[in-house]
Amino acid sequence: MTSWSLISQSYARYVGIPQFCLGVLGNLLNIWIFSRESTYRKVPSTFYLLMASAAGIVQIMSGQIPRFLILGFNNDLTRTSLVWCKCRQFLIATFGGIGMTFQCLSVIDQFLVTSRHVRIRQFSNIKSAHHIVVGVIIVWVLQGIPFLVFNQIQVGTCIINNRILNIYWSYVYFLGLLTATSIIVMITFGILAYRNMHLLKNTAQLNNADQQLTIMICMQIFIVFISVASYGGYNVYALATASIQKDAEQKGKDLVALTVTSLSAFLNYESSFYVFFLSSSRFRRQTRKHICFCCCALHRVTPTEVGLSSLAHR
């Protein structure tokens, strides 16, 4: 009989860990480039992407590390630490929503900025984006507070010890907000933005930077759909078959499906840098410029250092 448990552990170790490392690196590079480049920093959609990358780091640190420790090494700290049981659920519920909301807002902003109508384009401005970001963070932090209260360790398992909150987490939060709503919003406004881009492609209203940014965001929508829909599909299956008695073989297959889909769900928070790098020549130029600048700065020798070095050898 196939050792499904071994397959699950191997996948978590040899796919999950490299995926996590690349995800953290990609988000750090996004933050570095979007925050240092003034042309990106002053654009609402890239400002939302900057904030999404910051939220993504917290999300994969709090969600993915424990996930591959549980699946790959059978080490679940939520079973022994009540503080971590509460905090991990709060962080996932809060920053997962924050990151996804900012990604949706970046797509909506691209629809606004590519519109033919001046009044619609005026809704896209950096001052409003700053206010929206603050509001989004406050709302998601407030919705996450109940998890700090009701998450408990019972019979060696970290659970949500409240029926209403449990229903909210399973159906409203994950399937409703993070899966269905985010996919609908991103696909709808992504199609509209792409349509606007083609309508304005040969006019002076849309410059090359806006075109490339629209393509970057539309490419990211595809990754979001694959990652979120796959894990959402598994959760629908798990909820639908929760009352069915399963044999060891089926439980093993379900464990592999859980491992693959749960880790792939984090691609939503990890892949943006690589998607942007592949889809935009402008983003590639900015990335190379900043990396080359950093390398040159590390190898640059200042006159003071030269003087101190010569004195040391006299």
Side-chain angles (χ1 to χ4, degrees), residues 11-35 37 40 45-68 71 91-92 95-110 174 178-179 181-187 189-191 193-194 212-234 259-288 290-291:
Y11 187 90
R13 292 177 182 179
Y14 303 118
V15 176
I17 294 176
Q19 177 187 326
F20 164 79
C21 295
L22 289 172
V24 172
L25 175 62
N27 278 307
L28 289 174
L29 288 170
N30 271 345
I31 293 170
W32 185 34
I33 294 165
F34 288 147
S35 61
E37 192 64 36
Y40 283 139
S45 57
T46 48
F47 178 67
Y48 291 135
L49 292 174
L50 167 64
M51 300 306 297
S53 294
I57 288 179
V58 179
Q59 178 69 357
I60 62 180
M61 293 287 284
S62 60
Q64 192 171 12
I65 291 178
R67 176 64 65 182
F68 64 64
L71 297 172
L91 292 172
I92 292 173
F95 286 93
I98 289 174
M100 185 64 77
T101 302
F102 288 148
Q103 290 193 54
C104 290
L105 287 171
S106 70
V107 180
I108 294 172
D109 185 79
Q110 278 307 110
F174 188 79
L178 254 63
T179 304
T181 303
S182 61
I183 287 175
I184 291 170
V185 169
M186 294 186 78
I187 289 178
F189 284 95
I191 291 172
Y194 195 76
Q212 291 199 32
L213 187 55
T214 302
I215 293 172
M216 285 165 58
I217 292 174
C218 288
M219 290 289 290
Q220 178 64 12
I221 293 172
F222 177 74
I223 302 296
V224 172
F225 175 78
I226 295 298
S227 62
V228 173
S230 63
Y231 190 46
Y234 173 81
T259 304
V260 174
T261 57
S262 62
L263 291 177
S264 69
F266 289 100
L267 289 173
N268 171 40
Y269 303 99
E270 297 169 329
S271 61
S272 59
F273 169 79
Y274 306 101
V275 173
F276 298 160
F277 189 84
L278 292 172
S279 60
S280 171
S281 59
R282 179 168 176 255
F283 188 81
R284 288 195 294 273
R285 285 196 302 271
Q286 298 297 340
T287 302
R288 285 195 291 265
H290 288 294
I291 291 176

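Here the structure is a predicted model, which means the values were calculated and not measured.
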Review point. Would you find more than 12 non-hydrogen atoms of other residues, nucleotides or ligands less than 6.0 Å from Y11 atom OH?
Key: yes

Review point. Is the OH atom of Y234 crowded by more than 12 outside heavy atoms at less than 6.0 Å?
Key: yes

Check your understanding: Quick one: are V228 and I183 in side-chain contact, heavy atoms under 4.5 Å?
Key -> yes

Check your understanding: Quick check: does any side chain N or O of S280 sit under 3.5 Å from a backbone N or O of F277, one acting as donor and the other as acceptor?
Key -> no

**Study point:** Closest approach of S227 to N268 (non-hydrogen atoms, all atoms of both residues)
**Key:** OG-CB, 3.3 Å

Review point. Just by distance, do the side chain of Q59 and the backbone of G99 share a donor-acceptor pair under 3.5 Å?
Key: no

**Study point:** Check: Y269 side chain, G96 main-chain N or O, donor-acceptor pair, under 3.5 Å
**Key:** yes

Exercise for review: For side chain to side chain contact (heavy atoms under 4.5 Å, CB included), just list the numbers for N27 and I60, CA-CA rounded to whole Å, side-chain angles, deciding distance to a tenth of an Å, and then say yes or no.
Suggested key: CA-CA 10 Å; N27 278 307; I60 62 180; 4.0 Å; yes

**Study point:** Rounded distance [0.5 Å steps], CD1 in I108 versus CD in Q110
**Key:** 11.5 Å

Practice item. Output the distance between atom SG (C104) and atom CD1 (I187), rounded to the nearest 0.5 Å. Key: 10.5 Å

Check your understanding: Roughly how far apart are R284 CZ and S279 OG, rounded to 0.5 Å?
Key -> 8.0 Å

Check your understanding: Between D109 and F47, does a side chain to side chain contact (heavy atoms under 4.5 Å, CB included) hold up when you go through it step by step?
Key -> CA-CA 10 Å; D109 185 79; F47 178 67; over 6 Å; no

Practice item. Looking only at non-hydrogen atoms, find the nearest pair between G190 and V107 and report the distance. Key: N-CG1, 3.3 Å

Exercise for review: Start with the C-alpha distance between V15 and T259, add both sets of side-chain angles, then the distance that settles side chain to side chain contact (heavy atoms under 4.5 Å, CB included), and finish with yes or no.
Suggested key: CA-CA 10 Å; V15 176; T259 304; over 6 Å; no

Check your understanding: Side-chain contact, heavy-atom cut-off 4.5 Å: I291 with W32?
Key -> yes

Check your understanding: Looking only at heavy atoms, what is the nearest atom pair of S264 and S230, with distance?
Key -> OG-OG, 3.2 Å

Study note, to complete from the structure: CZ of F102 to OG of S45, rounded to nearest 0.5 Å, is 13.5 Å

Revision key, fill the gap. Rounded to the nearest 0.5 angstrom, the OG-OH distance for S53 and Y48 is 15.0 Å

Check your understanding: Which heavy-atom pair separates L178 from G97 by the least distance, and what is that distance?
Key -> CD1-CA, 4.0 Å

Review point. Which heavy atom of G63 sits nearest a heavy atom of I92, and at what distance?
Key: CA-CD1, 3.9 Å

Review point. Can you tell me how far the CD atom of Q64 sits from the CD1 atom of I17, to the nearest 0.5 Å?
Key: 9.5 Å

Review point. Would F283 and F34 count as a close aromatic pair, with their ring centres under 6.0 Å?
Key: yes

Review point. Among L278, I33, L22, I31, which one satisfies side-chain contact (heavy atoms from CB on, under 4.5 Å) with F273?
Key: I33

Review point. Passes side chain to side chain contact (heavy atoms under 4.5 Å, CB included), M216 versus V275? Steps please.
Key: CA-CA 7 Å; M216 285 165 58; V275 173; over 6 Å; no

Practice item. Kindly indicate whether a cation-pi arrangement holds for R67 with F20, taking the cut-offs as under 6.0 Å to the six-membered ring centre and within 45° of the axis. Key: no

